[in-house]
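Data block below; observations after.
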Amino acid sequence: RDERAREAAAGDAELPPEDDAVEMASAAQLLDSVAEVGPNYTLLRSKETKAKRRKRKREDARAALDGHTVLSTGSRLEIFCDSERWYPATV
């Protein structure tokens, strides 16, 4: 192995003999030969169905029209209680 490495570094390495085992092929031919039948992945299911999402958006819009504040999930806020104290919360 060391001898081959030295020859390659010096530029004296012998090239392997050319034979007819190598064929030229176009990219289209290669892609056709490895064409997949279906997708190789699965789509994750949504945590919320379309119907539930539509209903939630409809309710949020109605609440906004009524003057309520609509917060997205994960919003941080503070709640003022009767005891005149602020409590942190996450929606």
Side-chain angles (χ1 to χ4, degrees):
R1 187 187 320 165
D2 292 335
E3 185 178 332
R4 277 189 261 146
R6 274 186 254 124
E7 287 177 355
D12 299 334
E14 287 186 30
L15 295 175
E18 290 186 25
D19 56 354
D20 295 332
V22 178
E23 293 181 19
M24 296 297 290
S26 70
Q29 289 172 332
L30 289 174
L31 290 175
D32 287 341
S33 68
V34 295
E36 296 180 5
V37 175
N40 57 358
Y41 58 89
T42 58
L43 296 174
L44 297 176
R45 296 188 139 244
S46 177
K47 293 179 182 177
E48 183 179 40
T49 63
K50 285 183 182 179
K52 286 184 180 180
R53 185 170 44 252
R54 285 185 191 128
K55 181 181 178 186
R56 179 181 50 82
K57 293 211 176 248
R58 198 170 43 246
E59 290 171 350
D60 289 352
R62 184 72 226 164
L65 287 173
D66 290 341
H68 299 285
T69 302
V70 179
L71 299 173
S72 61
T73 303
S75 298
R76 298 185 60 84
L77 62 123
E78 290 184 344
I79 300 171
F80 186 68
C81 295
D82 294 336
S83 61
E84 297 184 6
R85 293 189 60 189
W86 291 94
Y87 292 94
T90 303
V91 177

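On a predicted model such as this, the values are computed, not experimentally measured, just so you know.
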Hydrophobic cluster mates of Phe80, side-chain heavy atoms under 4.5 angstrom, ILVMFWY only, any path?
Trp86
Looking only at heavy atoms, the pair that brings Ala89 and Ile79 closest together is CB-CD1, 3.7 Å
With sequence neighbours excluded, what pairs up with Ser72 under the side-chain hydrogen bond (donor to acceptor under 3.5 Å, both in side chains) test?
Ser75
What pairs of donor and acceptor atoms, side-chain ones from residues 47-57 against any protein atom, are under 3.5 angstrom apart with sequence neighbours left out?
| residue | atom | partner | partner atom | Å |
| --- | --- | --- | --- | --- |
| Glu48 | OE1 | Arg56 | NH2 | 3.1 |
| Glu48 | OE2 | Arg56 | NE | 2.9 |
| Thr49 | OG1 | Lys52 | N | 3.3 |
| Arg53 | NH1 | Glu48 | O | 3.4 |

Nearest heavy-atom neighbours spanning Val70 and Ala64:
CG2-N, 4.1 Å
